[in-house]
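Here's the structure, in structure tokens; my notes come after.
Chain letters run A, B, ... following the sequence lines, proteins first, then strands; residues in each count from 1. Heavy atoms only: backbone and side chains are in, while hydrogens, waters and symmetry mates are out. Predicted model, so just to flag it, every value in this text is computed and none were measured.
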There are 2 protein chains.
Amino acid sequence: MEQQNAGGETRAGDVLQRMRQDIVNCVLKPGEKLRFESLRERYEVSFSTLREALSRLAAENLVVAEGQRGFVVAPVSIADLNDLTDVRVLVEREALAKAIRKGDDLWEGNILSAFHRMERLQQRIGREYYLSDEWSVVHGEFHYSLVAACGSPVLLEMRAKLFERAHRYRRMSSQFRTKWREKDVEHKMIVDAVMDRNIETALSLIERHIRETSENVIEHAGHLFPELTTETRRPTKKPATVAAE
Amino acid sequence: MEQQNAGGETRAGDVLQRMRQDIVNCVLKPGEKLRFESLRERYEVSFSTLREALSRLAAENLVVAEGQRGFVVAPVSIADLNDLTDVRVLVEREALAKAIRKGDDLWEGNILSAFHRMERLQQRIGREYYLSDEWSVVHGEFHYSLVAACGSPVLLEMRAKLFERAHRYRRMSSQFRTKWREKDVEHKMIVDAVMDRNIETALSLIERHIRETSENVIEHAGHLFPELTTETRRPTKKPATVAAE
DNA sequence: GTGCAACATATTTTCGAAATTATAGCGTTT
DNA sequence: AAACGCTATAATTTCGAAAATATGTTGCAC
């Protein structure tokens, strides 16, 4: 074999990451059928390796596995976004509260560092900074830095998965949105509240931040969602007589 | 191929389920190395299929994938159990509150049905009913029925995964425990509070139920946990100089 | 024309061999 | 002895062909 994976990662893990990026960035579009032949070409791996990556993505709810009929990029819907938003509020609030209680000096420093990098990036790229991949990274790191000290690995991991799923929605709307400066001042306010260790204020701010972002997505990209479209999926053999389980 | 999977499931999905059961029931013990050759023999599938199942279990935190050194059953620890318990309280409370607000008659009926089956099973098996596999199923269905009407698929799915992880701990201690009648009256009290739509009481009861179960696990099985044992894992090449990510 | 069976094609899923990587054993040197 | 390099062995990871399944098409009866 000529080229092998660079880091200590496994090849399937590599593909997993690349595919995750492609999904949350909507290169692979919601609802799109994922045919093995084209994926094999795109990522240059074999069937089994692809299958492994797809399985893990299915466990993360970024793709759905349909019986023996292959895989599909997880569809989007307003209902799903609203649900996701509510759960995210629950989890982020809890994580942030714990972090403020337990965070130390290093935690504070990392927040300021991430915030600084976020501001610098805006200045450097200007105007449409939020369309760049670099922005996604540094913005994600900022929000992570806020809750990093919460001391709960289980909570942090759930949060990370929810954040990724929500990022896909943000990305869908980013090309249509205009009023981004507001988000910037919100970020600043959150940092201030956190530094003051003002839990009540910080939680309210982060909740509003999440909910308003979600509302913005619906406002600007809601028209892309296949909400009321008549059932497009082929009916399954058995009419889904699933009991309460 | 002679025998194929029974239902509409895929073969890898089959193995996934069987393996999940074996892990939460501690047939595959915490920390145990999962060698492909023996697994292949046990589950009668090929390497790639196994790999797919293992990958999904890794995404569920029931096994951990170690670079290119294979898979290991996720280890247990008191810290992990406590963490898990806290997050479970957060999630179950939220789900139960929503269910009580939104639940309809069918939901109430399903709760009574599940509770009834749970009681009958005790009467039928008697004494050490809680050691049977059937108990695990009906007990799980009861707790699910309480929150089934919460209306949030995202929350329900998170809850399901946390429940499974916690079940592994319960199972570890079940052989040592004695005072089970207390749990039975707790279940009854929860049902009553839920039927009265008394949110405050129901949330307090479910929280206490979860926390006390967790404490019982630590009391009776804590001695099995490799908490203070000196690092048994072989040191990785790089001394893990991971930054804040 | 509609429904339906039988065949042909396309796609997914599984398998075990082959390549890659880690681990253990052994001799040599300091 | 401990540390290092080397080889041999054992394990995992990847691959693409082959089996199983789903999908599409044609022909025939009604």
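Listed nucleotides D/dT13, D/dA22, C/dT14 differ in distance to A/Thr10; the shortest reach to its side chain belongs to D/dT13. Minimum atom distance to the side chain of B/Val45 is reached by C/dC15, of the listed C/dC15, C/dT12, D/dT14.
At a cut-off of 3.5 angstrom, counting only N and O atoms as typed in the model, there is a donor on one side and an acceptor on the other between the side-chain of B/Ser48 and the base of D/dC15.
A/Arg69 has no side-chain polar atom (N or O) that falls below the 4.0 Å cut-off from OP1 or OP2 of C/dT13. For D/dG16, the OP1/OP2 oxygens have a side-chain nitrogen or oxygen of A/Arg40 closer than 4.0 Å. Contact annotation: A/Arg11 reaches the phosphate of D/dC15 (side-chain N/O to OP1 or OP2, under 4.0 Å). The phosphate of D/dC15 (OP1 or OP2) has a side-chain N or O of A/Thr49 nearer than 4.0 angstrom. Between D/dT12 and B/Lys33, a contact under 4.0 Å exists linking OP1 or OP2 to a side-chain N or O.
Distance, B/Glu66 CD to D/dT12 P: 11 Å, rounded to whole Å. For the pair A/Glu9 CD and D/dT13 C1', the computed distance is 13 Å after rounding to whole Å. Atom-to-atom, CG of A/Leu34 to P of C/dT12 comes out at 9 Å; the value is rounded to the nearest Å. As rounded to whole Å, 16 Å separates atom P of C/dT11 from atom CZ of A/Arg51. The nearest whole Å value for the distance from the CD atom in B/Glu37 to the C1' atom in C/dA17 is 13 Å. The CG atom of A/Asp14 sits 9 Å away from the P atom of D/dT14 (whole-angstrom rounding). Atom CD in B/Gln68 sits roughly 7 Å away from atom P in D/dT14 (whole-Å rounding). Atom CZ in A/Phe36 sits roughly 12 Å away from atom P in C/dT11 (whole-Å rounding).
Residue contacts shown for B/Arg35 are limited to sugar-phosphate atoms, with no base heavy atom under 4.0 Å away. Backbone-only engagement by B/Phe71 is indicated by non-hydrogen atom pairs under 4.0 Å involving sugar-phosphate atoms exclusively. A/Leu54 comes within 4.0 angstrom of nothing in the nucleic acid, heavy atoms only.
With sequence neighbours excluded, the residues forming a salt bridge (Lys or Arg N to Asp or Glu O under 4.0 Å) with A/Asp133 are A/Arg171, listed by chain and number.
Atom OH of residue A/Tyr43 and atom CG of residue A/Asp22 lie 3.5 Å apart, to the nearest 0.5 angstrom.
Remark: A/Arg159 is positioned above the aromatic ring of A/Phe163, its terminal NZ or CZ atom under 6.0 angstrom from the ring centre and at most 45 degrees off the axis.
Partner of A/Ile78 under the side chain to side chain contact (heavy atoms under 4.5 Å, CB included) criterion, out of A/Asp80, A/Asn82, A/Leu81: A/Asn82 alone.
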Contacts under 3.5 angstrom, residues 146-154 of chain B side chains, donor-acceptor by atom type, not counting sequence neighbours:
from: B/Ser152; atom 1: OG; to: A/Asp83; atom 2: OD1; distance (Å): 2.4
from: B/Ser152; atom 1: OG; to: A/Asp83; atom 2: OD2; distance (Å): 3.4
from: B/Ser152; atom 1: OG; to: B/Leu155; atom 2: N; distance (Å): 3.1

